[in-house]
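Excluded from the calculations below are hydrogen atoms, water molecules and symmetry mates; all remaining heavy atoms, backbone and side chain alike, are included. In what follows, chains are A, B, ... by sequence order, proteins preceding strands, each numbered from 1.
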2 protein chains.
Amino acid sequence: MTTLDTAGGRPARHSLDDVLAAAMAILDENGLADLTMRRLAASLGVQPSALYWHVPNKQTLLALIADRIVSVPGAAGVPGTSTRPGTATRSPDATGIDWQHAARAEALALRDALLAYRDGAEVVSSTLALGLGADDARGRLAAALTGADLAPSAREMAAATLLHFILGHVWHEQQRLQADSLGVVAPGQAADPLEASASHHGPGSFEFGVDLLLDGLAARALRR
Amino acid sequence: MTTLDTAGGRPARHSLDDVLAAAMAILDENGLADLTMRRLAASLGVQPSALYWHVPNKQTLLALIADRIVSVPGAAGVPGTSTRPGTATRSPDATGIDWQHAARAEALALRDALLAYRDGAEVVSSTLALGLGADDARGRLAAALTGADLAPSAREMAAATLLHFILGHVWHEQQRLQADSLGVVAPGQAADPLEASASHHGPGSFEFGVDLLLDGLAARALRR
DNA sequence: ACCTGAACACCGTTCAAGT
DNA sequence: ACCTGAACACCGTTCAAGT
């Protein structure tokens, strides 16, 4: 079905874009555990070895996917431009825009982007040290913090803190989604909504964390 | 060398404790990628299938390891008692103890515990939904926050926020350690100490994040 | 109580060769 | 420019059987 074999001939010919699209489809439908090079090749109607013409190894493939997951236009993004420099600025005259609102919006947009693909947070997390997508996200968060009265290094560290929290939270969230759908429930972690909503994983716990960080920054700004 | 074959006989007999100790040795010396069931079996002088008498599957093995990594006595822990209830209280009369100091100490202790094993943060993160170790850590953080003037649900959410930040930060940190030791450097992420120390990954960026969170909590406490 | 032996159904990656 | 075919060196897990 996704093989897309050329009408008459045998060997299907693909671009890197095709490969990434197919990989992301598998990721979303079956999860990271099922995203193997062999399964990906099969979904493209191609031999596994063919993938290594497009990509040097699986790790790079995952990094490219992470890049795409994170590069969807967020709250500050212009729709259609998927890649923007990390230090992108929003509208030049930022007067009247509350930086806390901007940072909050960016954080929520990043969470949505991660939630848009199954295991999105794990893919992006596992790829952190390779740069690319994660750096893009941190750049956007840092840009959103322009306006807070912070030294450049403090702004960078604050953006990193936000990013780490977001990845940690969403990953946990997606692990629970998967565990629940598999019926696997850990002893302490009750699956019934009663306990879930009353505890650290209820709705709003993400916003709580973001606001906590932003409150900390605001307190710092006041002390200068 | 680690086979520990009984002097005279053929089949080596082991306890779950032996298995976990051998697994943690591999983890620390060779990393998570090399911690396979087959390699673990070989290090114990046993067939791979023998491991499945001690443990139902690899995921459970990793969860048990995560539990041990996290359960080292932290700042508030009594040395020797490795397992304590999640809602453990520290000394009853907490008057005079600054909760911010307690939470900070607990966060630093957790980071040290994660750093004590190669890929520690990834192992614990991947095991979050299974409860065990991660829950223990969150419980200790929540306990340390007793004294901050917070509603119980807020305290739980704050502990979760701290935990997610810590895992995200240390995982990133350990990824960089491994990337550096392999000589793999990402385009943007310069390996030279000049850029590293000037940015979000310099020394102190962990403390910065923790303090940011604690400042946010302090600001909240003031508003009540 | 703890392990062997053999098998099943997979992996990622390389490399010469094809078109 | 993009793919095949065949191979290499691995995986996690199951299960009957042994002691």
Side-chain angles (χ1 to χ4, degrees), chain A residues 2-23 26-27 30-66 119 122-123 126-127 130 178 182 184, chain B residues 2-23 26-27 30-66 119 122-123 126-127 130 178 182 184:
Chain A
T2 349
T3 45
L4 288 173
D5 221 280
T6 49
R10 291 149 262 1
R13 315 198 115 231
H14 302 284
S15 66
L16 174 59
D17 231 84
D18 296 334
V19 172
L20 294 180
I26 293 174
L27 182 65
N30 308 98
L32 184 57
D34 278 16
L35 178 47
T36 68
M37 298 300 267
R38 298 180 106 102
R39 198 186 196 294
L40 173 57
S43 91
L44 288 164
V46 124
Q47 297 294 319
S49 53
L51 298 175
Y52 291 86
W53 192 90
H54 297 280
V55 119
N57 50 51
K58 189 179 181 180
Q59 190 177 185
T60 300
L61 174 78
L62 290 176
L64 293 173
I65 291 173
D119 297 326
E122 181 174 0
V123 172
S126 73
T127 242
L130 298 186
Q178 196 150 339
L182 263 68
V184 185
Chain B
T2 348
T3 44
L4 289 174
D5 222 279
T6 48
R10 289 145 264 1
R13 316 198 114 233
H14 301 285
S15 65
L16 174 58
D17 230 84
D18 297 334
V19 172
L20 293 179
I26 293 175
L27 182 65
N30 307 98
L32 185 56
D34 278 16
L35 179 47
T36 68
M37 297 300 267
R38 298 180 106 101
R39 198 186 195 294
L40 173 57
S43 92
L44 288 163
V46 126
Q47 296 294 319
S49 52
L51 298 175
Y52 291 85
W53 192 91
H54 297 280
V55 119
N57 50 49
K58 189 179 181 180
Q59 190 175 186
T60 301
L61 175 78
L62 289 177
L64 293 173
I65 291 173
D119 297 326
E122 181 174 1
V123 172
S126 72
T127 242
L130 299 186
Q178 194 151 340
L182 264 68
V184 186

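The separation between Leu32(A) atom CG and dC11(C) atom P is 13 Å, rounded to whole Å. With rounding to whole Å, Asp34(B) atom CG is found 17 Å from dA9(D) atom P. Following rounding to the nearest Å, His14(A) (NE2) and dC3(D) (C1') show an atom-to-atom distance of 10 Å. Met37(B) has its CE atom 21 Å from the P atom of dC8(C), to the nearest Å. Put simply, CZ on Arg38(A) is 13 Å from P on dA7(D), counting in whole angstrom units. Here the C1' atom of nucleotide dT13(C) and the CD atom of Gln59(A) are 14 Å apart, to the nearest Å. Arg39(A) has its CZ atom 14 Å from the C1' atom of dC11(C), to the nearest Å. Asp17(B) has its CG atom 12 Å from the P atom of dC2(C), to the nearest Å.
dA17(D) and dC2(C): their C1' atoms are spaced 13 Å apart (whole Å). The separation of dA9(C) from dC10(D), taken at their P atoms, amounts to 22 Å, rounded to a whole angstrom.
Across Ala23(B) and Ile65(B), no two heavy atoms sit closer than the pair CB-CD1, 3.6 Å. The minimum heavy-atom distance linking Met37(A) with Asn57(A) is given by the pair CE-C, 4.5 Å. Counting all heavy atoms, side chain and backbone alike, Ala22(B) lies closest to Ser43(B) at CB-OG, 3.9 Å. The two residues His14(B) and Leu44(B) have their closest heavy-atom pair at NE2-O, 3.0 Å.
Within residues 46-57 of chain B, the residues having any heavy atom under 4.0 Å from DNA chain C are, by residue number, Val46(B), Gln47(B), Ser49(B), Ala50(B), Trp53(B), His54(B).
Taking 4.5 Å as the limit, every side-chain heavy atom of Thr127(B) sits out of range of all side-chain heavy atoms of Val123(B). Counting heavy atoms from C-beta on, the side chains of Val46(A) and Leu40(A) never come closer than 4.5 Å.
The side chain to side chain contact (heavy atoms under 4.5 Å, CB included) test applied to Arg39(A) returns Ile26(A), Asn30(A), Asp34(A), Thr36(A), not counting sequence neighbours.
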(message) Would Leu35(B) and Leu62(B) count as a side-chain contact (heavy atoms from CB on, under 4.5 Å) here? Give the steps.
(response) CA-CA 10 Å; Leu35(B) 179 47; Leu62(B) 289 177; 4.2 Å; yes
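For Arg13(B), whose side chain is taken as the heavy atoms from C-beta onward, the closest listed nucleotide among dC3(C), dC3(D), dG12(D) is dC3(C).
At distances below 3.5 Å, not a single donor-acceptor pair connects side-chain atoms of His54(B) with backbone N or O atoms of Val19(B).
In DNA chain D, the stems built from three or more successive Watson-Crick or G-U pairs (distances below 3.5 Å) are C:4-8 with D:12-16, C:12-16 with D:4-8.
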